[in-house]
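Residues take their numbers from the sequence shown, with the count starting at 1.
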Amino acid sequence: MTHSADAFTTPKPDNVPIIGAGPAGLSCAIVLARSGVNVTVYDRRPRVGARFHNDFQGLENWTHSANILVEMGNAGIEATFDHIPVTSGIAFDAWNRRYTVSSEEPLYYLVRRGDGAGTLDQGLLEQARSLGVDVRFNENVKEAPENAVLSIGPRTADVIAVGYVFDTDMADGNWVCFNNGLAPHGYAYLLVANGRGTVATCLFSGFKNQNVHLERTVKFFETHAALTMKNPKPFGGYGNIRLPRSAIQGNKPVIGEHAGFQDSLAGFGMSYAIRSGVLAAHGILGISDYHESWRRELLPLLKTSIANRFLFNIVGERGRRMALARISGSDSRRTLQNLYNPWWMSKLVLPFALRFFKAPLKDKSCDHVGCSCVWCEHGISQAEKE
């Protein structure tokens with residue numbers, strides 16, 4: 001077989017260095033280690049999950065027909081982290097109308113991110129180490145070895161989330177609201193399970209007003225979901241959204257958000273990260289060609305998410321209300337699967353979405369000068385320190 005210049009094929013190596021200990025890097029390490037490859041993972045941060053604060057996030061389960069945990073298990077990655085299947089929740093439109101979103105199969109799994117016991121990050125780390133993977137923190141690799149896998153995370157901030165993690169006596173539940181007053185071009189959410197909660201606004205614009213939007217979000221959920229918080233602790237995060245031309249850099253496979261594998265519509269990127277780590281490992285093991293497999297398995301989803309983001313922006317809040325009505329009036333998982341995979345409208349608008357791709361994503365309100373948004377506080381400052 002003739003491979004393109006962008007292909008990544010190599011005999012099975014004795015040792016593989018992986019730069020970055022996020023879900024993508026650790027997933028890749030686990031798959032390689034189970035096949036007998038010695039793996040060393042380097043991470044510039046002091047601990048696993050250092051970007052996160054034990055906040056709840058969703059490991060989405062609608063992109064593929066197969067269950068994401070089964071898919072991971074088939075690849076050799078065990079779900080050794082706390083995970084709660086979510087089959088129903090409440091969504092609000094900009095007029096505060098409620099919609100019940102539900103499915104027989106889990107819509108997503110509620111997981112926590114960070115370095116605490118039971119988090120996704122800690123679970124993957126412990127699993128990798130149990131397989132003999134050498135994971136080294138506080139290691140800032142200036143020049144990656146020739147056979148390295150690159151997985152250093154987001155390069156910049158196209159979307160930010162700011163909120164609180166807290167203790168609570170509330171009953172478990174999941175709420176989301178699509179209202180530009182709370183989250184410009186994004187969404188606000190409240191996730192509660194087992195006496196813990198996360199409330200946040202996810203913004204695609206208006207970064208400099210993050211505190212205003214967060215205050216509105218808290219008040220909204222206090223009114224409409226009886227939010228009560230004990231010991232609230234602030235947190236923030238950011239994500240990078242772009243369409244990759246390649247997932248190979250200097251003949252090295254690039255995985256996770258470093259490669260641009262992220263959901264442009266809502267930021268559900270963990271499944272993309274894990275899948276890319278598995279695909280890269282399979283490329284190293286000679287099971288498949290990484291260049292071909294990521295373009296086959298991930299690129300169609302990435303393009304569709306960009307088209308969906310374009311549609312999300314142009315239809316406005318009335319259009320989003322119509323979408324919520326459709327999703328709530330059916331098996332929500334199946335409807336989301338149809339939405340996230342290539343469909344006739346996404347194919348129709350994709351050329352326009354790609355032409356104006358950066359315009360609807362770049363936050364024109366924030367030039368990151370004299371700003372205290374999440375990216376300026378935790379992204380640029382961290383990069384400067386290193």
Side-chain angles (χ1 to χ4, degrees), residues 18 20-31 43 48-64 66-86 106-116 118-128 151-154 158-161 163 174 176 186-187 189 191 193 198 200 202 235 237-242 244 247 254-281 294 297-298 301-302 305 333 336-337 340:
I18 298 176
L26 290 174
S27 294
C28 184
I30 290 168
V31 175
D43 198 289
V48 74
R51 287 176 51 212
F52 304 97
H53 304 76
N54 292 305
D55 49 301
F56 281 125
Q57 295 185 20
L59 178 60
E60 62 92 352
N61 190 46
W62 60 70
T63 305
H64 290 183
N67 184 286
I68 182 64
L69 297 185
V70 173
E71 182 182 341
M72 291 170 61
N74 290 339
I77 305 170
E78 300 174 358
T80 55
F81 46 86
D82 295 340
H83 54 279
I84 302 172
V86 175
L107 294 162
Y108 60 89
Y109 288 91
L110 200 63
V111 300
R112 288 180 295 112
R113 299 296 309 276
D115 65 344
T119 61
L120 173 79
D121 307 87
Q122 187 66 32
L124 293 177
L125 173 64
E126 292 173 355
Q127 187 175 165
S151 180
I152 64 173
D158 296 304
V159 54
I160 68 171
N174 303 266
V176 63
Y187 56 94
Y189 60 93
L191 307 171
T198 299
C202 185
F235 79 93
Y238 52 89
N240 183 201
I241 294 172
R242 61 189 181 87
V254 187
I255 58 178
E257 211 166 351
H258 185 181
F261 298 148
Q262 177 61 278
D263 167 28
S264 299
L265 179 59
F268 283 90
M270 283 185 286
S271 62
Y272 291 74
I274 293 167
R275 286 170 180 142
S276 67
V278 172
L279 294 175
W294 86 261
E297 300 292 333
L298 298 178
L301 299 174
L302 296 173
S305 75
R333 182 174 185 264
L336 286 169
Q337 185 178 357
Y340 267 72

Hey, does Tyr109 have a side-chain heavy atom less than 4.5 Å from the side chain of Leu120? no
Pair listing, salt bridge (Lys or Arg N to Asp or Glu O under 4.0 Å) test, anchored in residues 70-79, at least two apart: Arg34-Glu78, Glu71-Arg275
Check: Ala24 main-chain N/O paired with Ser27 side-chain donor or acceptor under 3.5 Å: no
Do the non-hydrogen side-chain atoms of Leu26 and Val48 ever get within less than 4.5 Å of each other? yes
For Ala193 and Leu110, which heavy atoms make the closest approach, and how far apart are they? CB-CD2, 3.8 Å
Assign the ring pair Trp294 / Phe261 to parallel, tilted or perpendicular, where the plane angle (0 to 90°) is split at 30° and 60°. tilted
Angle between ring planes, Tyr108 versus Trp62, binned at 30° and 60°: parallel, tilted or perpendicular? perpendicular
Just so I know, are the side chains of Pro23 and Arg113 near enough to count as touching, which here means a heavy-atom distance under 4.5 Å? yes
For the residue pair Tyr187 and Tyr189, categorise the inter-ring angle as parallel (less than 30°), tilted (30 to 60°) or perpendicular (more than 60°). tilted
Would you check if Tyr272 and Glu60 make a side-chain contact, meaning some heavy-atom pair closer than 4.5 Å? yes
One should read off an interatomic distance between Met72 CE and Asn67 CG, to the nearest 0.5 angstrom, of 10.0 Å
Any non-hydrogen side-chain atom of Val111 less than 4.5 Å from a side-chain atom of Met270? yes
Asp263: partners by side chain to side chain donor-acceptor pair (under 3.5 Å), with sequence neighbours left out: Tyr340
How close do Arg242 and His258 get, counting heavy atoms only, and between which atoms? NH2-O, 2.6 Å
Please report the closest heavy-atom contact between Ile255 and Gly277, naming both atoms and the distance. CD1-CA, 4.0 Å
For the OG1 atom of Thr198 and the CG atom of Asn174, what is their distance to the nearest 0.5 Å? 10.5 Å
Interatomic spacing from CG in Asp158 to OH in Tyr238 - rounded to 0.5 Å: 12.0 Å
When you measure from the side chain of Gln262 to the backbone N and O of Ile241, does any donor-acceptor pair fall under 3.5 Å? no
Could you report the tightest heavy-atom contact between Ala79 and Leu69, atom names first, then the distance? CB-CD2, 4.1 Å
Can you name the closest pair of heavy atoms from Val31 and Ala75 and give their distance? CG2-O, 3.5 Å
So, do Leu298 and Leu279 sit near enough that their side-chain heavy atoms are less than 4.5 Å apart? yes
Can you find a heavy atom in the side chain of Asp115 that is under 4.5 Å from one in the side chain of Leu125? no
Could you check whether any side-chain heavy atom of Ile274 comes within less than 4.5 Å of a side-chain heavy atom of Ile68, counting everything from C-beta outward? no
Working for side chain to side chain contact (heavy atoms under 4.5 Å, CB included), residues Leu301 and His64: CA-CA 10 Å; Leu301 299 174; His64 290 183; 3.9 Å; yes
Heavy-atom closest pair, residues Ser276 and Gly256: OG-N, 2.9 Å
With Thr119 via side chain to side chain contact (heavy atoms under 4.5 Å, CB included) - residues at least two apart: Asn54, Arg112, Asp121, Gln122
